[in-house]
Each structure stands twice: as structure tokens, then as C-alpha cells.
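Start at 1 and go down the list; that is how both ligands and their atoms are numbered. Fair warning: this is a prediction, and the values are worked out from it, not measured in the lab. For this chain, numbers begin at 1 and follow the sequence in order.
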Amino acid sequence: MNNFNYTKAESIDQAVSAVATQSEGQFIAGGTNLIDLWKYDLTHPEMLVDLNGLSELKAISELPDGGLRLGALVSNNATAYHPLVQERYPLLSRTILAGATAQIRNSATNGGNLLQRTRCYYFYDAASPCNKRNPGSGCPAITGHNRLHAILGESEHCIAVYPSDMSVALAALEATVRVTGPEGAREIPIADFHRLPGAEPARDNTLGAGELITSIDLPSTGFADHHSYLKLRDRNSYAFALVSVATGLEIEGGRIRNARIALGGVAHKPWRVPAAEAILVDKAPTPEAFAEAADLLLAGATGYGHNDFKIELARRAIIRNGMMALDPSTQRPGAQPSL
Ligand code: SF4
């Protein structure tokens, strides 16, 4: 049995201060991942700071520059079904709704979605070595069962993938994460929020100690006319991606003027390669053009045995999703395109 203290935060500053003064203090909002980690004996908070009373983090509001601010405590479902998200950022809405289940999305919050931990089987087995859970103990996934694992950006210390769907769309949209901590407030571009494992796989992101996510800001460009999220998985709901692709395009006169492609399920963070997007500019949106982009996105991809199939699957998914993005109205929720 783990004894712990519990406090209900009355302000952002009080929440930050309460966690910063405890070596094993943690924030809790929806709790959809934290409670799992606790039950599996992987985390042992001594102080839980409940954020659910912080109404200022529960709003979705328009920004003066034409963007949209998503409060950190807005639920994933409330975000996906918000009229402004559906109208201006349908890529984000579709991507959120591809994740988890309706019940989980009703509890899970936007801030918590960014912080969910890998679903590596060995990470969740407290009896296994794991460099992410117990630094220096080893990585059994490299020579073990690694069907879900990374093909890009991995290290000799960890080949885990980051499981969020929502963050793949946020990467394609170039969102900004706003945080407040003991040293004050700051903004982190989503590309710099999650990190590759390197020699420190225990660190999933670049948050400092005691820092709290307060919102996720979306820029004005939402790719509402041409976008698609393709999530390939073992079953059609309540499953993490083997490979996923979020694509946003701006098209004028039959040519691509701006392109974003982010991959999920392949690395320790959403995977983007700016050169792969730049090569599409001024080209007609054809399978051949997206194949060129796929070659750049997947340059250096490495399989570890059970996950070798992901390299070809990702290539086909990038091409297919590029073509699907041309007419989002043809995409049905849950549709499984042939590759
Ligand atoms: Fe642990 Fe990462 Fe290896 Fe999984 S892949 S066992 S999370 S070190």
C-alpha cells in the first residue's frame, strides 16, 4: 500500500508550488494514465495535486492572431467536438477521435494527453529491466518482442514509441505548449516538447521540474480544406497506432503551396522532416510526389525484427494519406483504406 497526501489546487501558482516542494509530488487531472502507472507499481507519488478545480484551464478561446487556445484541462472529447475545432482544425478533431474510447476521452485532458507514457510491454512489467523506468538496467525490447517499437530516432538505450494520436496532429499544426513553473511561464514549440531517448530515455519531454501545462495554442493555419489522419492498428478501436500519419496541405491552382506531414507510432516523439515537406512545394499532389516525401521522412529507418514491417507500412501510409488529404469529405470515421 502506498500512502500519499492529496490536495485540491485553488490556483495555478498554488499547484506549481505544491508539486515543486515535494520530491514525489505529481499533478492529477483525468488520471487516465497516471492511475494505470500507479496500479502497475511504476510510480509512487507522495503528494497528488488535483487540478480539476482550476476553471481557468477549462476554456477554449480565440486568440488575437487568429489561432485558438486549448485549455490544458479541457477533455479530449470536448476539444474534438468543439465547433471551432471542428470548423477550423478538423485534422485535430479527427485525430483525437481516433484515440482511446469515448469514455477515456471524456476523462482524459489535453495536457495529460501530451504527457502519456509509452506503452512498451517491458516498461509496464515492473519485473523486467527497462532503461526508461530504471536507468542503466537495459532494454530488453531491442532483442525481444518489439512489434510496436520505433524505427526512427531510437537509441541503443531505448526503442520505445510515444503513443499519443493528438500530438501527431499538433506536430503537423505546429502548436505551442504554454507552461508555468517555479521559474515563471514559458512557451515550448511542440517540436521541442517531446524528445528522443538518446542516453536519457527516462525523460519523455522537456518540461522542467514542477512545470504545469496551462494550454496548447494553435496557429491560424488549420489545413481545414485538405487534411487527413490515417491510423493503422491491429483493431479498429481502442488500440495504439502501429503507424499513423497526419497530413495537412494548402493547394492553389492544382499545386501544393504548403505541406505538413507528421508520423505517429514510429518514434519517441511525433516525427517530422522539414525537407520532406519542402520537396512537395510547387508540385502537383500525386502519389509519386508523396513517395518522394516518404523517402525523406523514412531515411535511416531501422527495424528490430518484429517491427521491420513498419518501414514499408509507413511508406505506403504516407502516400495514401497524402492522396486522402485532397478530399477530406470522402473520409469516413473508422474507414480502412486499402494500401
Ligand atoms: Fe524500456 Fe524503452 Fe527498452 Fe521499452 S524500449 S524496455 S521503454 S528502455
Side-chain angles (χ1 to χ4, degrees), residues 24 26 31-45 99-100 104 108 112-168 171 190-209 231-235 238-244 262-272 297-314:
E24 295 295 335
Q26 292 198 32
T32 54
N33 193 204
L34 177 61
I35 301 301
D36 274 350
L37 295 167
W38 207 344
K39 287 192 293 192
Y40 281 101
D41 202 22
L42 307 181
T43 189
H44 311 97
I104 291 172
N113 194 307
L114 296 191
L115 299 178
Q116 60 182 299
R117 306 212 69 187
T118 183
R119 263 59 180 189
C120 170
Y121 332 103
Y122 301 99
F123 176 75
Y124 277 83
D125 176 5
S128 289
C130 169
N131 285 328
K132 184 178 277 297
R133 178 168 29 77
N134 185 12
S137 62
C139 175
I142 291 174
T143 54
H145 192 56
N146 48 42
R147 187 165 182 273
L148 293 178
H149 288 72
I151 55 172
L152 290 161
E154 73 282 12
S155 77
E156 61 182 308
H157 304 285
C158 180
I159 60 169
V161 297
Y162 170 64
S164 163
D165 291 292
M166 180 182 184
S167 293
V168 182
I190 189 76
D192 299 330
F193 184 83
H194 297 102
R195 59 185 296 283
L196 295 178
E200 281 187 282
R203 288 183 60 216
D204 294 341
N205 55 58
T206 55
L207 273 182
K231 179 176 181 179
L232 301 169
R233 46 187 161 169
D234 283 328
R235 59 172 184 259
Y238 197 33
F240 294 100
L242 294 165
V243 167
S244 68
L263 305 182
V266 298
H268 202 258
K269 61 185 289 186
W271 191 258
R272 276 184 69 199
L297 273 156
L298 297 170
T302 305
Y304 287 83
H306 297 287
N307 68 348
D308 292 350
F309 72 98
K310 280 192 176 189
I311 300 173
E312 180 60 20
L313 187 67

query = Which of the atoms of ligand 1 are close to Tyr122, meaning less than 4.0 Å from one of its heavy atoms?
reply = 6 (S)

Evaluation steps, side chain to side chain contact (heavy atoms under 4.5 Å, CB included), between Phe193 and Lys269 = CA-CA 9 Å; Phe193 184 83; Lys269 61 185 289 186; over 6 Å; no

key: Which of the ligand 1 atoms, numbered from 1, are nearer than 4.0 Å to a heavy atom of Ile159   = 5 (S)

inquiry  = Below 2.8 Å, can you find an N, O or S atom of Cys139 next to atom 3 (Fe) of ligand 1?
reply    = yes

ask   = If you count the atoms of ligand 1 from 1 in the order shown, which ones are under 4.0 Å from a heavy atom of Ala141?
value = 5 (S)

inquiry  = Within the structure, is a non-hydrogen atom of Arg133 found at a distance of less than 4.0 Å from ligand 1?
reply    = no

Between His194 and His268, ring centroids under 6.0 Å = no

request  = Would you mind checking which non-hydrogen protein atom is closest to atom 4 (Fe) of ligand 1, with the distance to 0.1 Å?
outcome  = Cys120 SG, 2.3 Å

inquiry  = Run Asn131 and Tyr122 through side chain to side chain contact (heavy atoms under 4.5 Å, CB included) and show every step you take.
reply    = CA-CA 10 Å; Asn131 285 328; Tyr122 301 99; over 6 Å; no

ask   = When you measure from the side chain of Lys231 to the backbone N and O of Ser244, does any donor-acceptor pair fall under 3.5 Å?
value = no

Heteroatom N/O/S of Cys130 within less than 2.8 Å of atom 2 (Fe) of ligand 1 = no

query = Any sub-3.5 Å donor-acceptor pair from Asn113's side-chain atoms to Ala108's backbone N or O?
reply = no

query = For ligand 1, which atoms, with element, lie under 4.0 Å from some heavy atom of Cys158?
reply = 2 (Fe), 5 (S), 8 (S)

query = Do the charged groups of Asp234 and Arg147 touch, with an N to O distance under 4.0 Å?
reply = yes

inquiry  = For His149 and Tyr304, I'd like to know if the aromatic rings sit close, meaning centre-to-centre distance below 6.0 Å.
reply    = no

query = Which atoms of ligand 1 are found less than 4.0 Å from any heavy atom of His157?
reply = 8 (S)

